[in-house]
> 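Below you'll find the structure I mean.
So that the names make sense, note that chain A is the first sequence line, chain B the second, and so on, each numbered from 1.
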Protein chains: 2
Amino acid sequence: MENLARKDPAPNSVRVGQVLETATRLFTERGYEAASIRDLAAELAIRPSSLYHHFPGKQNILFTICFGMQRDFNAEVMPHLAAGRTPEEAIRGTIRQHILFSQRRKGEVLVNIRERRSLPPKLLARVNELRRQYRDAVADVIADGHRQGVFRLTQPKLAAMAILDMANGQALWFKPRDRRDLDRLADSYAQAAVVLLGGWVPVP
Amino acid sequence: MENLARKDPAPNSVRVGQVLETATRLFTERGYEAASIRDLAAELAIRPSSLYHHFPGKQNILFTICFGMQRDFNAEVMPHLAAGRTPEEAIRGTIRQHILFSQRRKGEVLVNIRERRSLPPKLLARVNELRRQYRDAVADVIADGHRQGVFRLTQPKLAAMAILDMANGQALWFKPRDRRDLDRLADSYAQAAVVLLGGWVPVP
DNA sequence: GTCTATACGCAGATAGAC
DNA sequence: GTCTATCTGCGTATAGAC
């Protein structure tokens, strides 16, 4: 039944990548809880039960998106923390790449930010572990800068959170008109982070 | 039926305020979509149908939380934008109050940040209108500072978004140990915003 | 203001054929 | 790898008595 309700003929085969791309879009548009397995199957022009050939369940689809995104993010962005010759250069390059990555893979990034908490505790912990690695690495560079006298603040983890909250926020509202527009935001935020760290004096 | 499953006797009457407080907690802990009317009724020790005496539906409960929080926020925080004698003082006082409010009413703030988008378009627009008023007022003060030569950046709305993203982020992770700890974060972030605006040079 | 009873649909997931 | 058919439970919401 319901065959007539389907506009397009069923494809011979659906790849895992197609499932993830479509799920990312649906989770972004409607939220994880509000997007159903039935919705996802309909978008892929297959039956709901067919999805269980690719994934053991809905939560696993969410995990694959969040974990894969954060793993790629860390692999791509964290090297910039060690690349600069000074802490300023390291922070500048890192924040720049952070923003470029966020915009290039915005769908996955938004799902990770907004829907991650719907994961069961064990899967959530695996994603959070990757996030913690990145945050701690940023805090370490800030602490280096403080030892070298270029950053004045005394709480590197707090400073890291402030900068990363700022860098993450743009994914929710910034829509670059073109590549130049994107570059400008990335450079501007990278500089903002350095300015912040250089001028921020601890409050007693 | 099900009377035996209820641990506590039903109260004679449930106030609207109790419903909102409990709903805020549930929506914060589980997310709006994942928290059901049945869950909410169980926490209040009443039957699900009784909730419809206080609210016409689930979406209206969410709207009441989000709109009420943002209305109170604007009434309490926005006056600080006009209070300082200089743009620096205005921004400093505003960000400070922004953070104090966010921590004092964290539950509602988190619901507004994370669950607002589950509102139907018309109700969402009414909440977003209040948010826009606040953001624009912040941007206006930044533009004033630029005209007076104390802020160097050229995109006041972008600068406002950057600062507000930073100021909003702490609600998700900062757990003050005591009042002194909270004051220190509020002062620190307020200063960070001023430092950022004072040292941020536009990228061409 | 709360209750009982219920309508009605959709949720995630599984079994087993092709 | 996809299908048909189906299970079981829970979702929001309503009618009408007390």
> Run through A/Arg114, A/Arg30, A/Glu29 and flag the one making a side-chain contact (heavy atoms from CB on, under 4.5 Å) with B/Arg117.
A/Arg114

> If I take atom NE2 in residue A/His54 and atom P in nucleotide C/dA13, what distance separates them, rounded to the nearest angstrom?
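After rounding, the reported distance stands at 15 Å.
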
> Figure out the CZ/C1' separation between A/Phe55 and D/dG1, and round it to whole Å.
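Computing the A/Phe55:CZ to D/dG1:C1' distance gives 14 Å.
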
> Could B/Glu21 and B/Arg25 be called an ion pair, given the rule that one side-chain N must be under 4.0 Å from one carboxylate O?
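The answer is no: the pair does not qualify as a salt bridge.
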
> Any sub-3.5 Å donor-acceptor pair from A/Gln97's side-chain atoms to A/Val77's backbone N or O?
no

> Whole Å only: how far is the CG atom of B/Leu44 from the P atom of C/dG1?
14 Å

> Report the distance from atom CD1 of B/Ile46 to atom P of D/dC18, rounded to the nearest whole Å.
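In whole Å, D/dC18 P lies 21 Å from B/Ile46 CD1.
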
> What's the closest nucleotide to the side chain of B/Arg47 if the choices are C/dC3, C/dA11, D/dT2?
C/dC3

> I need the CZ-C1' distance between A/Arg30 and C/dC10, as an integer number of Å.
14 Å

> Is a side-chain donor-acceptor pair under 3.5 Å present for B/Asp165 with A/Gln170?
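Short answer, no.
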
> Should A/His53 be listed as having a side-chain N or O under 4.0 Å from OP1 or OP2 of D/dC3?
no

> Could you tell me whether B/Ser50 contacts a base, only the sugar-phosphate backbone, or nothing, with contacts defined as non-hydrogen atoms closer than 4.0 Å?
base

> Considering only NZ, NE, NH1 and NH2 on the basic side and carboxylate oxygens on the acidic side, decide whether A/Asp183 and A/Arg180 come within less than 4.0 Å.
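Answer for the salt bridge query: no.
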
> Pull out every protein N or O sitting under 3.5 Å from an N or O of nucleotides 13-16 of chain D, one pair per line with the distance.
unit_1, atom_1, unit_2, atom_2, d
D/dA13, OP2, B/Tyr52, OH, 3.1
D/dA13, OP2, B/Lys58, N, 3.0

> Sequence neighbours left out, what passes salt bridge (Lys or Arg N to Asp or Glu O under 4.0 Å) with B/Asp136? Give chain and number order.
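B/Asp136: salt bridge (Lys or Arg N to Asp or Glu O under 4.0 Å) contacts with B/Arg132, B/Lys157.
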
